[in-house]
Amino acid sequence: MKPLKILFLLLVMTLFFYACQEENTDVSSPDTTETLVNNATLPRLMERITLLDGSIDNMIDNANCFTVNLPVTVSINGTTVEVNSTNDYATIVGLLNQSNDTAVSISYPITITLSDYSEIIIENEEVLISQISNCSGPNQPDIDIECIDFQYPFSIAVFDVNFEVIETQNITDDESLFYFLETLSSGVVASINYPISLVNADGTVIAVTSNAELEAAIAAAENTCDEDDDNNYNDADCTATQVTESLTDCFWRITNFAGNTQLEYEFYFNQDGSFTFSSEPTSSIVHEGNWEVTTSDGNLVLVVTNVSNEITAFNNSWIIDECTEDELQLHAGSQEITLTKSCVNNTPFECFENIQTTICDEENPFDGFVEMNLVELFIENISCTQEYNYSFHTTQADADANIFALIPNAYTNTASQETLYLRIEDLAGEYQVFSITISVEDCCTNNTVLTNDMILYMPFANQTKDLISNWEASGNYNYVSDRAGNQSCAIAFDGTETIEIPITNSNQIVQGDAFSVSLWFKMQNTNPSNYEILFQKGSAVSEGFQISVFDLNTPVFSDADSGYGLWDDPWNMDANLPTDTTNWHHLVVAVDENNTVRLYRDGVQRNEDINANIDIGSTSLTNYILGNGFQGHLDDLRVYKTALNPNEVTTLFNLEADCNNCL
């Protein structure tokens, strides 16, 4: 225990809650707070942007993680091409489109450049295939981030041990930034000279002025675009799932088949792999076939089979050259075809069908009953060009008679599986009834550990909700990326807002109870004298307890009633920690039945007090409070009615960032 700190702590706490605080001089150093630290989240994200994207020449090497250095000589179906620049890639694509043979023969030896800009000489095809095996497969997750780029040039300041600038490096491209980030592993201390700009895949430019803003911008942009890693030389820029979903939406016309633009066929692709087509929507003559979207030799392919009677030439494996939401351009050998989507319906009944659906029950515990909005689920997502009236009923007879209609915007099922009946009526009074079979299932995929004796559990996954009691705060909060970069999976406090969590019989903690509080925090304020509360029982200094940061942002557990304080003593022995606004830290306070208090930070016990003289109050009080005066980020709050042991603390520290919204 530190008597001088405790005395000062009590003084500051009293001023904090009962009087106006005097302004404190900001002693934070802009250089140290914005430094790039080796193995921290931000430099790793920056490095993933700078990696060389190898997908530009996939028509040659079918590999996303390296490029073939030019010039190179290749052969397609007997035709030789000298590839001297990227402009020659179009010639290769044109030859591949004219042939069913998708193989590209390469004249060896060649040199390839890997994602880290190192080069390797490849002597033959066997060695190339071995190198390709090191890359992620088509459309598989890979490490590089291609949806956002830096705008160059910008500069980075390099410091000596006294944080004085000894060099300024001008960064002009991805390669130079990649190599500079590599120097951090040798102990180089550096800081970006803000502001800098980034550009998203859609062309929008983002200006950032700090490490935190830069980290958030990169994390927000990751996986927001098609990275075109499909090894598809035709560059269709879509996936099999996207094409499948698009084909089953509305119907499609052949608008060009081998030069014929006068075709009237209309195709309805069904989810079971069948399709029907006719010369027009009202035709009584309907033809059939089967379809499947798959990949072959790195190409996206629409496979059509079993078409008879008319246009049998449609039976083929059609390589998808270009695709948008409303159009597909395909070829098979020298045959070309264009399919165009149309969503003009002749009757509203064409827009509906009998369906079976699953509704997730994420309540704790699962009971199989969910309040649902039938209009949002089964009407608003329907695209239909004809006007109609609708109503929901519990029986076919009620739907036919149009009686006892349900109130659709707040319907709760009466069984875990039941069938409702949707009556669709056109403006002329004609109607049809469609069945909706609903199954309610426990769909929670949260497999988190250490849930015994847990009385509060708040992952902050774009919501401020206790997953134990299902209580949810009604405020409008700011959610940020968590320690793993998961977007909107942590909560931010600006120093003026708090969250009050109701104390109940189930989650109360009183004197004599064993308990533990586990949370992750990241500071955003480096003022050494600010007293900032992360978690507390009660709303006044004369009741409950607080877990706070104070005196160089040092974590401390305090009993406000007796003036007790257990500090993270090693904290301010590390020169980097008091001003660290980049890294997340895990904090656990565990109190057993004998009032022995242990404080853990980042998986290691930092202090303990055996049989401590603490008093957290014999009454449950009204609320737990988060973020009182706190400027920073919180995540993954867990409160237990037991004292966690060191192994359990280590388990929590090593858990992946928690982005769950159910338990």
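Looking only at distances, no side-chain donor or acceptor of Ser481 sits under 3.5 Å from a matching main-chain atom of Ala219. At least one donor-acceptor pair closer than 3.5 Å links the side chain of Asn654 to the backbone N or O of Thr650. Looking at Asp636, its side chain never comes within 3.5 Å of a backbone N or O of Ser518 through a donor-acceptor pair. Side chain of Thr498 to backbone of Gly627: no donor-acceptor contact under 3.5 angstrom is found. Side chain of Asn594 to backbone of Asn611: no donor-acceptor contact under 3.5 angstrom is found. With hydrogens and angles ignored, the 3.5 Å screen pairs no side-chain donor or acceptor of Thr35 with any backbone N or O of Val37. Side-chain atoms of Lys522 never come within 3.5 Å of backbone atoms of Asp580 as a donor-acceptor pair (strictly under, hydrogens ignored). Listed for the Glu543 side chain is a donor-acceptor partner under 3.5 Å among the backbone atoms of Ser539. A donor-acceptor pair under 3.5 Å is formed between the side chain of Arg606 and the backbone N or O of Arg601. Between the side chain of Gln511 and the backbone N or O of Ile614, at least one donor-acceptor pair lies under 3.5 Å.
Annotation: side chain to side chain donor-acceptor pair (under 3.5 Å) contacts of Thr437 (sequence neighbours excluded): Thr419. Applying the side chain to side chain donor-acceptor pair (under 3.5 Å) criterion to Glu648, with sequence neighbours excluded, gives Asn645.
A donor and an acceptor atom, one from each side chain of Asp551 and Thr554, are nowhere located under 3.5 Å apart. Defined by atom type and a distance below 3.5 Å, a donor-acceptor pair is present between the side-chain atoms of Tyr194 and Asn211. Residues Asn628 and Gln536 have side chains that bring a donor and an acceptor to within less than 3.5 angstrom of each other.
At least one side-chain heavy atom of Ile49 sits less than 4.5 Å from a side-chain heavy atom of Ile218. Residues Thr41 and Thr582 form no side-chain contact, since every pair of their non-hydrogen atoms from C-beta on lies 4.5 Å or further apart. Residues Phe550 and Ser558 are not in side-chain contact: their nearest non-hydrogen atoms beyond the backbone lie 4.5 Å or more apart. Contact check for Arg598 versus Phe557: no side-chain heavy atoms found under the 4.5 Å cut-off. Counting heavy atoms from C-beta on, the side chains of Cys489 and Phe460 never come closer than 4.5 Å. No side-chain heavy atom of Met458 sits less than 4.5 Å from a side-chain heavy atom of Ile491. Looking at Leu198 and Leu214, their side chains come closer than 4.5 Å, going by heavy atoms from C-beta outward. Residues Trp567 and Asn572 have side chains not in contact (no heavy-atom distance under 4.5 Å, counting atoms from C-beta outward).
Summarising the local packing, CD of Glu608 is surrounded by more than 12 heavy atoms from other residues, nucleotides or ligands at distances under 6.0 Å. By the 6.0 Å contact criterion, CG on Asn476 is open, its count of non-hydrogen atoms from other residues, nucleotides or ligands being 12 or less.
Closest of all the heavy-atom pairs between Ala657 and Asp482 is CB-OD2, 3.2 Å. Glu34 approaches Ser191 most closely through the heavy-atom pair O-OG, 3.3 Å. Nearest heavy atoms, Gln546 versus Ser548: CB-OG, 3.5 Å. When all heavy atoms of Pro502 and Asn623 are compared, the pair lying nearest together is CA-OD1, 3.6 Å. The shortest non-hydrogen separation linking Phe392 to Pro408 is CD1-CB, 3.9 Å. Across every non-hydrogen atom of Thr209 and Pro195, the tightest pair is CG2-CB, 4.1 Å.
A parallel orientation is assigned to the rings of Phe535 and Tyr624, their planes being inclined by less than 30° (bins at 30° and 60°).
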Where do Leu450 and Arg638 land on the side chain to side chain contact (heavy atoms under 4.5 Å, CB included) test, with the steps shown first? CA-CA 10 Å; Leu450 294 179; Arg638 292 167 175 245; 4.3 Å; yes
Worked verdict on Thr496 versus Asp494 for side chain to side chain donor-acceptor pair (under 3.5 Å): CA-CA 6 Å; Thr496 64; Asp494 64 6; 2.7 Å; yes
Kindly indicate, with the supporting measurements, whether the criterion side chain to side chain donor-acceptor pair (under 3.5 Å) is fulfilled by Asn661 and Gln463. CA-CA 8 Å; Asn661 53 26; Gln463 61 181 7; 5.4 Å; no
Please determine whether side chain to side chain contact (heavy atoms under 4.5 Å, CB included) holds for the pair Thr464 and Tyr479, giving the CA-CA distance in whole Å, both sets of side-chain angles, and the decisive distance to 0.1 Å. CA-CA 9 Å; Thr464 301; Tyr479 298 99; 2.7 Å; yes
Step by step, work out the side chain to side chain contact (heavy atoms under 4.5 Å, CB included) result for Leu374 and Tyr390. CA-CA 11 Å; Leu374 300 177; Tyr390 65 87; over 6 Å; no
Full working for side chain to side chain contact (heavy atoms under 4.5 Å, CB included) between Phe352 and Phe378: CA-CA 9 Å; Phe352 296 89; Phe378 307 114; over 6 Å; no
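Just one residue in the list Thr451, Asp658, Asp466 forms a side-chain hydrogen bond (donor to acceptor under 3.5 Å, both in side chains) with Tyr457, and that residue is Asp658. In summary, of the residues considered (Asp609, Asp559, Asn595), a side-chain hydrogen bond (donor to acceptor under 3.5 Å, both in side chains) with Tyr564 occurs for Asp609 alone.
Interatomic distance, CE of Met46 versus CD of Glu215, reported as 11.0 Å (0.5 Å rounding). The CG atom of Leu566 sits 5.5 Å away from the CG atom of Leu599 when rounded to the nearest 0.5 Å. Atom-to-atom distance recorded for Leu534:CG and Phe493:CZ is 9.0 Å, nearest 0.5 angstrom. In this structure, OG1 in Thr395 is found 10.5 Å from CG in Leu420, a value given to the nearest 0.5 Å. Between the CG atom in Asn413 and the CE atom in Met372 there is a gap of 4.5 Å [rounded to 0.5 Å]. Taking NE2 of His586 as the start and CG of Leu652 as the end, the distance is 5.0 Å to the nearest 0.5 Å.
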